[in-house]
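In what follows, a structure is listed as C-alpha cells, so that the remarks can point back to it.
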Amino acid sequence: MQSDFETIVRTHQEKVRNTCFRFVKNQQDADDLAQEVFMQVYESLDHFRNDAELSSWIYRIAANKSIDFLRKRKRKKRFAQLVSIFGFAEEQEEITVSSDGDPHQNLEDTQRTQVLQQALERLPVNQKKAIVLSKYEGFSNQEIADIMQVSLSAVESLIHRAKKNLKNMLFNYYEKQI
C-alpha cells in the first residue's frame, strides 16, 4: 500500500501542483493544496471505486480543493474590507515588475495578465474549471469530463460559454480603455 501510494504521488505530483497553481496563482498555496490533495487521496484510496480513471479522480480533488481555497480567500477578503471600513489598516501588497527587457512592455504584459485573471475570476465556477483545465493544464475534453464528472458535451458547452464570456468581458474592458 505504501509503495503504491508513493508511486501515485510521484506520477501525479507535478500535474497536481500545476493544476492547483493555475487556480490559486501562488506557488506556496499550490504546494500546500497539493499536499492536502494527496492527504485526501491517501485517506480515501481504499474507497476509490474505479468508476473513473485514478488520475481523473485525483485531478477532480485538486480542482475542488483549489476552488474551495479561493472561496475561503474571497470570504476573508470581504471580511478584511469590512475591518478596513471600521478603521483598521489592511496590509498593502507590493507590486514588482521584472527588470528584464523593456519596463514599459513588462508593465503592459503584467496589466494584460491581471485583466485576464480578473475576467477568469468572474466566470461561473464550472466554466472557470473547464477553461483552466483545458487551456492552462492541457487536459482533453474527455479528461475534463471525467474530472468534473459531466458529459463530454457539457464540457464543450462550458468551454464555449467560458470563451464567449471572456471575449465579452475583455472586449468591454478594452473598449472602455480606448
Side-chain angles (χ1 to χ4, degrees), residues 4-5 7-78 111-176:
D4 292 341
F5 180 69
T7 302
I8 290 169
V9 172
R10 267 195 311 278
T11 303
H12 301 284
Q13 183 176 24
E14 199 61 35
K15 191 91 168 173
V16 166
R17 281 195 351 238
N18 287 338
T19 298
C20 293
F21 180 78
R22 293 295 180 197
F23 282 97
V24 301
K25 302 294 183 216
N26 178 293
Q27 192 61 51
Q28 185 175 358
D29 291 337
D31 290 343
D32 292 345
L33 284 168
Q35 187 173 14
E36 288 180 30
V37 167
F38 286 112
M39 286 179 2
Q40 183 173 341
V41 167
Y42 183 77
E43 292 168 357
S44 305
L45 200 52
D46 51 343
H47 300 294
F48 178 66
R49 296 184 313 263
N50 291 327
D51 291 349
E53 290 288 321
L54 179 65
S55 60
S56 298
W57 179 63
I58 293 170
Y59 300 130
R60 181 179 328 118
I61 293 170
N64 289 337
K65 285 217 174 275
S66 298
I67 294 294
D68 289 344
F69 174 83
L70 292 173
R71 285 182 182 141
K72 287 177 188 172
R73 186 168 68 187
K74 191 179 283 188
R75 281 194 298 267
K76 286 180 183 178
K77 280 184 180 178
R78 277 187 251 150
Q111 288 172 336
R112 273 195 292 272
T113 301
Q114 288 173 342
V115 168
L116 178 59
Q117 199 52 42
Q118 289 168 351
L120 277 170
E121 293 300 323
R122 292 176 38 210
L123 288 175
V125 172
N126 281 343
Q127 287 181 24
K128 180 180 178 184
K129 272 187 192 179
I131 201 81
V132 166
L133 291 171
S134 173
K135 300 304 176 193
Y136 286 96
E137 292 303 316
F139 285 105
S140 71
N141 287 356
Q142 184 59 57
E143 290 171 320
I144 296 168
D146 293 341
I147 290 168
M148 294 180 67
Q149 293 183 313
V150 297
S151 68
L152 181 60
S153 60
V155 169
E156 291 167 350
S157 177
L158 285 168
I159 291 173
H160 175 75
R161 287 194 312 256
K163 287 179 181 179
K164 184 177 177 181
N165 286 336
L166 286 170
K167 179 181 174 185
N168 289 338
M169 284 186 258
L170 295 173
F171 179 80
N172 290 337
Y173 173 82
Y174 285 110
E175 186 178 58
K176 290 176 185 176

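- Rounded to the nearest 0.5 angstrom, Asp68 CG and Ile61 CD1 are separated by 12.0 Å.
- Atom NZ of Lys65 and atom CG of Asp32 lie 12.0 Å apart (nearest 0.5 Å).
- Counting non-hydrogen atoms of other residues, nucleotides and ligands closer than 6.0 Å to CD of Gln13 gives a total above 12.
- Aromatic ring pairs are classed by plane angle as parallel below 30°, tilted from 30° to 60° and perpendicular above 60°; the pair Phe5 and Tyr42 is perpendicular.
- Across all non-hydrogen atoms, the minimal contact from Leu33 to Cys20 is CB-SG, 3.8 Å.
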- prompt: When you look at Ile144 and Ser134, which way does the side chain to side chain contact (heavy atoms under 4.5 Å, CB included) test go after all the steps?
  reply: CA-CA 7 Å; Ile144 296 168; Ser134 173; 3.6 Å; yes

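- Across Gln127 and Asn165, no two heavy atoms sit closer than the pair OE1-ND2, 2.8 Å.
- The minimum heavy-atom distance between Phe23 and Leu70, with the atom names listed, is O-CD1, 3.5 Å.
- Within a 6.0 Å radius of NZ in Lys164, no more than 12 heavy atoms belonging to other residues, nucleotides or ligands are found.
- The number of heavy atoms from other shown groups lying within 6.0 Å of CZ (Arg122) does not exceed 12.
- Leu120 contributes atom CG, which lies 11.0 Å from atom CZ of Arg22 (distance to the nearest 0.5 angstrom).
- Val41 places none of its side-chain heavy atoms less than 4.5 Å from the side chain of His12.
- To the nearest 0.5 Å, atoms CZ (Phe69) and CD (Glu36) are separated by 9.0 Å.
- For the pair Lys15 and Phe139, the cation-pi criterion (under 6.0 Å, within 45° of the ring axis) is fulfilled.
- One N or O on the side chain of Ser44 and one on the backbone of Gln40 form a donor-acceptor pair closer than 3.5 Å.
- Under 3.5 Å, the side chains of Ser157 and Arg161 contain a donor-acceptor pair of N or O atoms.
- At a threshold of 4.5 Å between non-hydrogen side-chain atoms, the residues Ile8 and Ile58 count as touching.
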message: Quick one, Leu45 with Asp4, criterion side chain to side chain contact (heavy atoms under 4.5 Å, CB included). Give me CA distance, side-chain angles, the key distance, then yes/no.
response: CA-CA 10 Å; Leu45 200 52; Asp4 292 341; 5.7 Å; no

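- What you find for Gln142 and Leu152 is that their closest heavy atoms are N-CD1, 3.6 Å.
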task: Please lay out, stage by stage, how Arg112 and Val115 fare under the test side chain to side chain contact (heavy atoms under 4.5 Å, CB included).
output: CA-CA 5 Å; Arg112 273 195 292 272; Val115 168; 5.7 Å; no

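- The heavy-atom pair separating Tyr136 from Lys25 by the smallest distance is CE2-NZ, 4.3 Å.
- Heavy atoms from other residues, nucleotides or ligands lying under 6.0 Å from NZ of Lys163 number 12 at most.
- The minimum heavy-atom distance between Ile147 and Ser56, with the atom names listed, is CG1-O, 3.6 Å.
- Partners of Glu143 under the salt bridge (charged side-chain N to carboxylate O under 4.0 Å, His left out) rule, at least two apart in sequence or in another chain, do not exist in this structure.
- Trp57 and Phe48 have tilted rings, their planes meeting at an angle from 30° to 60° on a 0 to 90° scale.
- Using a 3.5 Å distance cut-off with no hydrogens or angles, the side chains of Gln27 and Asp31 do pair a donor with an acceptor.
- Distance check: Leu54 CG to Tyr59 OH gives 9.0 Å after rounding to the nearest 0.5 Å.
- Judged purely by distance below 3.5 Å, without hydrogens or angles, the side chains of Glu121 and Gln117 pair a donor atom with an acceptor atom.
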- request: Kindly determine whether Leu123 and Met169 satisfy side chain to side chain contact (heavy atoms under 4.5 Å, CB included), including the steps that lead there.
  value: CA-CA 10 Å; Leu123 288 175; Met169 284 186 258; 3.6 Å; yes

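- Summarising the geometry, atom CG belonging to Asn141 is positioned 5.5 Å from atom CD belonging to Glu156; distances are rounded to the nearest 0.5 Å.
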